[in-house]
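Naming: A, B, ... by sequence-line order, numbering from 1 per chain. All values below come from the heavy atoms of this structure, side chains included, with hydrogens, waters and symmetry mates left out.
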Protein chains: 2
Amino acid sequence: MPWEKQFDKQAALDKALQAFWTRGYEATSMQELVDCTGVNRGSLYATYGDKRALFISALHMYDDARRRMLSEFEARYPPRDAIRRVFLSFMTGLTEDGSNRGCFITNTALELAAHDAEIRDIVATAQQDVEDFFKRMVKCGKAAGNIADHVKPADAARGLLASLLGFVVLVRSRPEPALLQGVLSDALRRLD
Amino acid sequence: MPWEKQFDKQAALDKALQAFWTRGYEATSMQELVDCTGVNRGSLYATYGDKRALFISALHMYDDARRRMLSEFEARYPPRDAIRRVFLSFMTGLTEDGSNRGCFITNTALELAAHDAEIRDIVATAQQDVEDFFKRMVKCGKAAGNIADHVKPADAARGLLASLLGFVVLVRSRPEPALLQGVLSDALRRLD
DNA sequence: ATTTGTCTTGAACAATCGTTCTAGACTCTC
DNA sequence: GAGAGTCTAGAACGATTGTTCAAGACAAAT
């Protein structure tokens with residue numbers, strides 16, 4: 001029974017995730033992944049498979065974190081605040097180190113979803129999941145009384161999803177705080 | 001004064017645009033561009049410069065078409081309808097040949113804008129231009145009486161821009177007509 | 001008809017791509 | 001300590017990347 005793996009699989013995968021998130025799939029070479037993970041070429045292939053498989057693993061890791069985030073927001077905050085915090089969560093990466101990476105899933109949606117069925121499924125499921133989250137929050141907010149009665153949860157949820165996707169596009173391409181704040185305010189105005 | 005160019009520069013550039021639009025910058029090789037334009041490697045370089053310069057030329061060509069489209073909508077249609085038609089214009093490529101390419105500028109926003117200042121400027125200007133278009137349309141619609149009085153043009157325009165960007169993300173990643181129609185209806189509900 | 005100068009052509013460039021393979025290093029079991 | 005088996009290390013694979021170059025093809029000017 002010889003020898004465990006010498007590197008932290010999760011930590012290495014997270015490093016790879018950061019690289020893919022920052023530069024995208026095509027623009028990130030295996031050499032860069034070897035460098036940034038600190039894991040040798042052979043070990044990378046032995047552990048995760050080829051580049052595409054490594055990317056999908058990273059995408060799943062990101063998606064799991066997203067799922068946990070939504071659960072936490074749903075449990076901790078009143079519905080309207082939970083919705084607002086989802087938007088804000090994509091702005092935090094903005095000030096951390098100056099790099100504007102936006103949402104990894106949305107970046108992937110535009111780069112790969114159109115040509116890769118498996119990736120499209122992951123992206124679509126994540127988007128649907130966010131939409132469902134919004135729908136639950138709107139319903140819940142209406143019950144609590146701080147979201148207007150005339151708002152239809154299903155319609156508002158779809159609209160909020162689109163606003164969120166547009167928001168993360170702007171985070172990556174035009175990260176001006178005033179613009180992002182304006183978009184967020186207008187998106188939430190839907191609930192009044 | 002010897003010899004004009006033997007191929008149609010505009011036609012070749014349009015072919016290149018289609019390729020970049022479909023697959024993105026990194027995933028489109030010079031070999032593919034040679035094949036799909038029908039123009040020889042050397043001529044491609046002599047005419048447009050390197051790959052990045054060719055891409056930027058294609059981006060400008062697309063951006064000019066977008067600008068003409070907005071002008072036409074602004075001249076021909078009542079404001080609310082003009083706004084709606086901007087959204088719909090990104091759905092047409094959907095049914096034409098089944099390929100869902102979305103918006104070339106938005107695809108580029110996520111792939112390259114974060115790491116290339118010149119491209120970021122083109123993208124940002126285009127986004128600003130659409131926002132300004134929306135603002136004019138909202139103002140105009142309020143004056144005409146078919147957009148509600150309480151709507152603030154600047155805020156609504158930013159919100160519409162985000163909704164549009166989200167819309168085109170969905171066109172490329174989850175092109176279900178019902179979903180897109182729902183997003184569009186909800187975006188326009190802002191104006192009631 | 002020769003010259004002139006741009007255009008086209010396709011081979012060729014070095015560099016990098018994703019991937020594989022062969023040694024050697026190491027930890028465990030017997 | 002010998003053997004077994006998985007891990008690491010880095011060279012090496014052929015293919016493809018973006019780009020350049022030298023030679024030939026062509027239309028206009030002399």
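- Between the side chain of A:H60 and the main chain of A:F55, no donor-acceptor pair closer than 3.5 Å is present.
- At D:dC7, none of the side-chain N or O atoms of A:S43 fall inside 4.0 Å of OP1 or OP2 (strictly under the cut-off).
- Between B:L54 atom CG and D:dT19 atom C1' there is a gap of 13 Å when expressed in whole angstrom units.
- Rounded to a whole Å, the NZ atom of B:K51 is 13 Å from the C1' atom of C:dT16.
- One can place CG of B:L44 at 14 Å from P of C:dC7, the figure rounded to the nearest angstrom.
- DNA chain C lies under 4.0 Å from no heavy atom of any residue of residues 112-120 of chain A.
- Each of A:Y25 and B:G42 was matched to the nucleotide of DNA chain C holding its nearest heavy atom; the match closer to the 5' end belongs to B:G42.
- With hydrogens and angles disregarded, no donor-acceptor distance shorter than 3.5 Å links the side chain of A:S43 to the backbone of A:V39.
- Of the residues A:K142, A:R80, A:E74, the one that meets the side-chain contact (heavy atoms from CB on, under 4.5 Å) test with A:M137 is A:E74.
- For C:dT19, the base has a donor-acceptor partner in the side chain of A:R41 [N/O atoms by modelled type, under 3.5 angstrom].
- Atom NZ in A:K9 sits about 13 Å away from atom P in D:dT6, given to the nearest Å.
- Side-chain atoms of B:N107 come within 3.5 Å of backbone atoms of B:R101 as a donor-acceptor pair (strictly under, hydrogens ignored).
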### Query
Do B:D14 and B:M61 pass the side-chain contact (heavy atoms from CB on, under 4.5 Å) test, and can you show the C-alpha distance, the side-chain angles, and the key distance before you say yes or no?
CA-CA 8 Å; B:D14 185 63; B:M61 178 181 233; 4.2 Å; yes
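- At distances below 3.5 Å, at least one donor-acceptor pair connects side-chain atoms of B:R190 with backbone N or O atoms of B:A187.
- For DNA chain D, the residues of residues 26-39 of chain B within the heavy-atom distance limit of 4.0 Å (strictly under) are B:T28, B:S29, B:M30, sorted by number.
- The OH-C1' distance, from A:Y45 to D:dA11, rounds to 15 Å in whole Å.
- For NZ of A:K135, the number of neighbouring non-hydrogen atoms (other residues, nucleotides, ligands) closer than 6.0 Å is 12 at most.
- Outside the 6.0 Å centre-distance limit, the rings of B:F90 and B:F104 are not counted as a close aromatic pair.
- Straight-line distance from the CG atom of B:N40 to the P atom of D:dA22: 16 Å, rounded to whole Å.
- Of the inter-residue distances, the one linking A:L33 atom CG with A:L44 atom CG reads 6.5 Å to the nearest 0.5 angstrom.
- D:dC7 atom P lies 12 Å from atom OH of A:Y48, rounded to whole Å.
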